[in-house]
Amino acid sequence: MILSSEISFWIALTQIPRWGNVKVNTLLQMIFEKEKIGLEDFFSRSVQEWKEKFGLSEVDCENFTAAKNELPNYSFIAEDLLSQGFEIIPITSSDYSSTLKENLNPLNAPPLLYIKGNKKILQESSLAIVGSRDASEISLQFTDKIARLASKQYKVVVSGFAKGVDKQALDSSLKYKGQSIIVLPQGISTFGSGITKYYSQIIEGDVLVLSTFFPKSPWSVQLAMARNPIIYGLAKEIYVAESGNEGGTWSGVLDGLRKKRNIFVRKPEAIEKNANNILIQKGAIAVDFDGNSIPFQYEEIEQKQLVFAEPKNISKETKYPQQENLFK
Amino acid sequence: MLSRIEAEAKLKTLFGLEKFHDNQWNAIENIFQGKRVLLIEKTGFGKSLCYQFPATQFKGITVIFSPLIALMRDQIKKLNTLNISAQCINSEQTDEENQSIIEQAKQGKIKILYIAPERQENNEWIEATRAMNLSMVVVDEAHCISVWGHDFRPAFRRIINLVKLLPTNFPVLATTATATKRVEDDILKQVGGNITCIRGNLLRDNFHLRTVKVDSEDEKLAWLGATINQIPGNGIIYTGTRVNTEIYSRWFEHLGISSIAYNAGLDGELRKEIENGLLDNRWKCVISTNALGMGIDKHDIRFIVHTQIPASPIHYYQEIGRAGRDGKPTYLILFFTPDDVQLPKAFINTARPSAEKYERVIAALKKEPLGERDFMRVTNLKTTQVRVIKADLLDQNIIREVSYGKQRKYEFQFNAPKLSTTSFEKLREAKLNELDKMLEYVETKSCRMSFLRNYLSDAHTESCGKCDNDVQKSIKVHYTDEWKEKVEAFHSSYFPALEIEDAKTNLVNGVAASYYGATNIGSIIHKCKYENGGDFPNSLVKQTLRAFKKYFSKETFDLILYVPPTESGNLVKHFAEKISVALVIPLSHNLVKTKQTQPQKIFQNSYLKHDNVAGTFNYTKPNEETENPFC
Ligand SMILES: Nc1ncnc2c1ncn2[C@@H]1O[C@H](COP(=O)(O)OP(=O)(O)OP(=O)(O)O)[C@@H](O)[C@H]1O
Ligand SMILES: [Mg+2]
Ligand SMILES: [Zn+2]
């Protein structure tokens with residue numbers, strides 16, 4: 001657990017202009033692992049030390065000084081959030097999702113999670129179901145099926161609260177009395193209507209709402225895109241119900257493949273118009289309607305005259321090297 | 001950092017004061033070092049300066065959480081005359097006013113900003129704090145943080161949470177005049193260490209404490225009627241209830257003694273007007289509930305009378321503390337009749353609704369998030385009960401207050417603990433003990449000031465030498481026949497006002513025959529309605545006609561209508577018939593109900609009462625008076 005007086009430092013750190021996750025996490029490593037001090041201590045050091053010990057640039061130092069002056073302001077915001085039942089989980093906390101850290105090569109993982117609901121869900125085995133907003137009936141049925149399997153195997157379903165597949169994943173997961181993580185494309189305090197809708201599941205501990213953005217941020221395309229890697233990162237397995245050849249799902253899967261994730265794509269029927277086969281060709285694993293992988297279906301695809309390559313078999317070792325004891 | 005000498009030079013130019021009291025400087029020095037300070041000093045000591053002076057030296061804004069709007073206004077007036085930019089944000093100002101002050105604060109145009117703790121629940125405020133350059137946070141009247149104090153306020157819970165979240169080198173000052181050791185410890189614990197406590201002595205050496213034992217409420221009226229003008233200067237009379245502020249002020253009016261009633265039920269404008277009048281000594285006395293005065297910096301309040309014993313010695317110390325700040329002789333008079341214990345006892349025993357009612361709220365909130373109004377409708381609980389339950393459930397982390405756009409709603413929490421009522425019971429016992437201590441104060445034969453100081457954990461040995469026990473002079477009341485007659489004449493000519501006029505209705509204000517309990521009228525009506533006592537007796541008709549004569553005899557009336565009954569049969573109809581005959585005003589039977597309603601008394605709050613009768617009355621012949629043969 002972090003001290004409550006540290007929360008404002010965490011928020012300040014994530015609000016430094018033009019500082020992405022990697023920069024923030026690298027600094028955190030220096031603070032916590034190399035220097036073995038706390039955030040509050042770091043902020044109280046001189047500009048000189050910031051430069052020499054922590055490698056901050058002149059501009060960084062200006063920005064950090066400004067952030068330091070804003071600490072009391074962040075305390076006001078934090079108090080407001082906490083009193084509304086939101087929780088703030090920093091990357092150094094044992095409540096933080098280890099799956100997310102592992103999948104995102106810790107340096108890319110968001111330094112702060114804003115959540116509401118049962119945070120223990122973050123420690124469960126998990127799978128994500130993703131797909132288009134205007135998915136076909138068959139994709140939705142597939143989603144339903146995977147959600148049912150997940151529930152049976154006590155796996156948490158991670159989804160992104162968009163229309164179509166996301167929404168189906170969530171609703172089916174709840175229908176089968178499973179647990180779900182909703183990953184928001186917006187700040188957590190702008191999600192009132194969603195909270196009302198899933199209120200009873202949230203208070204019963206079956207739904208966790210999670211956002212990695214500044215709490216008041218409204219929905220935006222950028223945030224929706226930025227959220228995709230979080231969905232993938234929170235899940236041990238990723239199932240794609242349906243993807244077009246552009247848009248969020250498409251780029252999300254490609255990004256996942258680049259990161260050498262195992263991504264299971266529903267093998268489409270011959271008549272379907274979507275890009276599922278292309279993703280399979282690009283390295284995703286084809287699965288049937290029950291989510292079982294189907295390794296021997298090349299001919300069929302060749303008959304349809306689609307370019308196709310054998311999906312690579314990816315072993316755990318080829319992932320980013322695990323950085324031990326990071327943020328422990 | 002400023003030295004004391006440098007600071008005092010600035011003090012002179014900025015505030016026109018020569019030097020700091022030692023403990024003031026002590027506190028200020030700590031604040032300049034970015035420390036957190038709990039300052040416990042007697043009323044009138046000058047605690048405000050301990051944040052006002054640093055505020056003038058800081059670059060940014062100092063935010064002061066203060067529970068009392070009257071105090072904010074008072075302090076701001078003074079600061080503004082010193083050319084220090086100070087403002088307040090509170091619910092008595094319009095949204096536009098508050099908005100423009102927030103704007104100024106964001107632009108760095110304000111040094112000192114007073115704000116009610118409830119504001120912490122307001123989205124726009126939280127949003128605005130993001131853009132302010134904050135230098136210090138002050139929690140005034142910090143005893144409100146503790147349930148063991150005399151004036152616990154749930155809104156302070158969030159202020160404490162805020163303080164905990166502030167960086168540890170950010171200066172925070174908490175002040176109070178009335179903290180027992182237990183309250184002090186509670187405050188220190190809640191803030192979570194890291195805080196320096198500065199405590200001064202609590203002796204008020206110009207106080208003449210007096211206790212007056214009487215046999216009835218009427219004797220209090222009589223003694224005050226006969227004596228108040230003999231007490232030098234101006235002062236405050238505290239009554240236990242709002243109703244009594246009115247009764248006492250009408251009694252003084254009846255006697256031609258200048259006074260005014262003040263209570264939290266009055267609208268903001270009027271309260272402001274009375275506060276100003278108090279400062280200007282416009283009346284001999286202001287008659288008030290304890291809503292008036294805490295923190296008001298008037299130097300020459302010469303006397304404070306309590307017609308009702310306060311709930312504890314801390315309450316008493318706090319309330320009399322408002323008097324005699326100029327150090328000149330000041331009289332503090334406490335009335336007591338044994339019956340007076342009933343009121344505070346009832347408050348303590350009914351402070352918390354039954355566990356069943358808590359569970360009712362919890363069950364409702366498990367179904368859906370609800371606003372306060374919604375859950376009053378769903379649970380049929382009184383406003384006051386709902387507030388208490390809400391605060392306790394928030395305190396026990398069972399529910400949360402969440403903003404939904406502009407609205408605030410309450411949510412049940414995942415993993416919420418079970419309701420615990422043991423703390424309620426402990427608190428009730430503690431409060432009953434404090435009340436016993438207050439009775440001990442009444443009975444004590446030794447120094448009264450010492451008694452109060454001991455109670456407030458202020459170590460000392462000397463007596464004050466001025467209280468009735470020290471000087472061995474006590475006030476005796478002789479309730480003469482002359483005064484008995486005066487009091488009775490007052491009661492039979494006094495009709496409480498029924499104030500209902502507002503922009504939404506064309507009804508006008510009326511009067512009632514009596515307050516329930518102040519005379520025997522209430523019990524007469526109860527007998528007729530619920531114990532088959534037959535029609536309302538002629539005495540009630542006569543009292544009503546007296547009221548009519550006093551207030552409405554110059555008006556002309558077209559018609560008398562009466563409210564159709566729910567379950568009391570023809571009682572009201574027959575009563576209206578008698579009034580109609582006596583006043584020779586025609587009676588109409590055409591005000592009817594269009595559907596069956598429930599008796600209003602089964603509904604505990606105004607929303608449900610409103611829902612019960614809204615739209616159910618119909619006046620079937622709106623033009624009948626022109627058709628009436630009498631006209
Ligand atoms: N150092 C000083 N020298 C002279 N007068 C002072 C000094 N400090 C404060 N005063 C005056 O004392 C008066 C009372 O101050 P203040 O209202 O701050 O009291 P307080 O301690 O807050 O009392 P309360 O508990 O009633 O709120 C003010 O008029 C103030 O100007
Ligand atoms: Mg004060
Ligand atoms: Zn004495």
Side-chain angles (χ1 to χ4, degrees), chain A residues 2-12 15 38-41 43-44 66 68-88 115-121 189-197 199-209 214-216, chain B residues 34 59-61 63 119-123 125-137 157-172 192-194 362 365-370 394 397-416:
Chain A
I2 51 167
L3 292 170
S4 43
S5 65
E6 280 201 338
I7 293 178
S8 56
F9 294 90
W10 279 96
I11 302 179
Q15 292 301 301
L39 264 190
E40 184 159 10
D41 201 349
F43 269 91
S44 69
K68 195 170 155 178
N69 289 332
E70 282 191 41
L71 287 168
N73 309 63
Y74 292 125
S75 307
F76 274 79
I77 291 172
E79 192 281 325
D80 186 44
L81 284 173
L82 298 182
S83 86
Q84 296 191 50
F86 299 109
E87 288 177 69
I88 302 174
I115 62 139
K116 180 169 235 173
N118 181 4
K119 65 184 171 210
K120 294 214 176 73
I121 296 183
S189 62
T190 67
F191 191 58
S193 58
I195 302 240
T196 316
K197 183 124 191 258
Y199 181 71
S200 59
Q201 288 89 351
I202 292 170
I203 67 175
E204 277 156 24
D206 290 334
V207 166
L208 173 77
V209 181
F214 191 73
K216 285 268 157 81
Chain B
K59 275 211 200 87
I61 192 168
V63 173
R119 203 39 65 159
Q120 200 61 6
E121 290 153 17
N122 177 299
N123 283 334
W125 160 248
I126 295 290
E127 207 31 40
T129 55
R130 240 205 125 181
M132 290 178 194
N133 179 7
L134 300 163
S135 285
M136 167 163 66
V137 164
R157 191 180 40 85
R158 293 199 50 182
I159 306 308
I160 276 293
N161 291 337
L162 172 68
V163 170
K164 277 195 228 159
L165 288 163
L166 287 166
T168 40
N169 61 355
F170 184 80
V172 175
N194 267 328
I362 291 173
L365 289 179
K366 275 186 180 167
K367 290 204 193 90
E368 57 184 328
L370 295 169
L394 283 168
N397 291 322
I398 295 172
I399 65 170
R400 297 284 187 188
E401 186 174 6
V402 178
S403 59
Y404 281 75
K406 282 215 174 301
Q407 237 195 319
R408 306 291 297 184
K409 288 190 185 179
Y410 298 88
E411 288 181 358
F412 183 77
Q413 273 292 280
F414 163 68
N415 228 353

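Every chain is numbered from 1 and lettered A, B, ... according to where its sequence line falls, protein lines coming before strand lines.
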Closest contact, heavy atoms only, B/R130 versus A/E70 = O-OE1, 4.5 Å
Is there a side-chain contact between [X] and [Y] (heavy atoms, below 4.5 Å)?
{"X": "A/K116", "Y": "B/E411", "value": "yes"}
{"X": "B/E401", "Y": "A/S83", "value": "no"}
{"X": "A/E79", "Y": "B/R158", "value": "yes"}
{"X": "B/L165", "Y": "A/F76", "value": "no"}
{"X": "A/I7", "Y": "B/K164", "value": "no"}

Give, as side chain, backbone, both or neither, the part of [X] having an atom under 4.5 angstrom from any heavy atom of chain A.
{"X": "B/S135", "answer": "neither"}
{"X": "B/K409", "answer": "neither"}
{"X": "B/F412", "answer": "both"}
{"X": "B/A131", "answer": "backbone"}

Given that the side chain runs from C-beta out, which part of [X] has a heavy atom under 4.5 Å from chain B: side chain, backbone, both or neither?
{"X": "A/F9", "result": "side chain"}
{"X": "A/Y199", "result": "side chain"}
{"X": "A/Y74", "result": "side chain"}
{"X": "A/Q201", "result": "neither"}

Between [atom1] on residue [X] and [atom2] on residue [Y], distance to nearest 0.5 Å:
{"X": "A/N73", "Y": "B/I126", "atom1": "CG", "atom2": "CD1", "answer": "11.0 Å"}
{"X": "A/Q84", "Y": "B/Y410", "atom1": "CD", "atom2": "OH", "answer": "11.5 Å"}
{"X": "B/F170", "Y": "A/S8", "atom1": "CZ", "atom2": "OG", "answer": "10.5 Å"}
{"X": "A/S193", "Y": "B/Y404", "atom1": "OG", "atom2": "OH", "answer": "9.0 Å"}

key: Heavy atoms of other groups near B/K366 NZ, more than 12 under 6.0 Å   = no
query = Are more than 12 heavy atoms from other residues, nucleotides or ligands located less than 6.0 Å from atom NZ of A/K68?
reply = yes
Verdict with supporting geometry, A/S44 and B/N169, side chain to side chain contact (heavy atoms under 4.5 Å, CB included) = CA-CA 9 Å; A/S44 69; B/N169 61 355; 5.6 Å; no
note = In terms of heavy-atom pairs under 4.5 Å with chain B, the winner among A/G85, A/G192, A/P72, A/S189 is A/P72
Chain B contacts, top residue of A/D80, A/L71, A/N69 (heavy-atom pairs, under 4.5 Å) = A/D80
Donor-acceptor contact present, side-chain B/E368 to main-chain A/T196, <3.5 Å = no
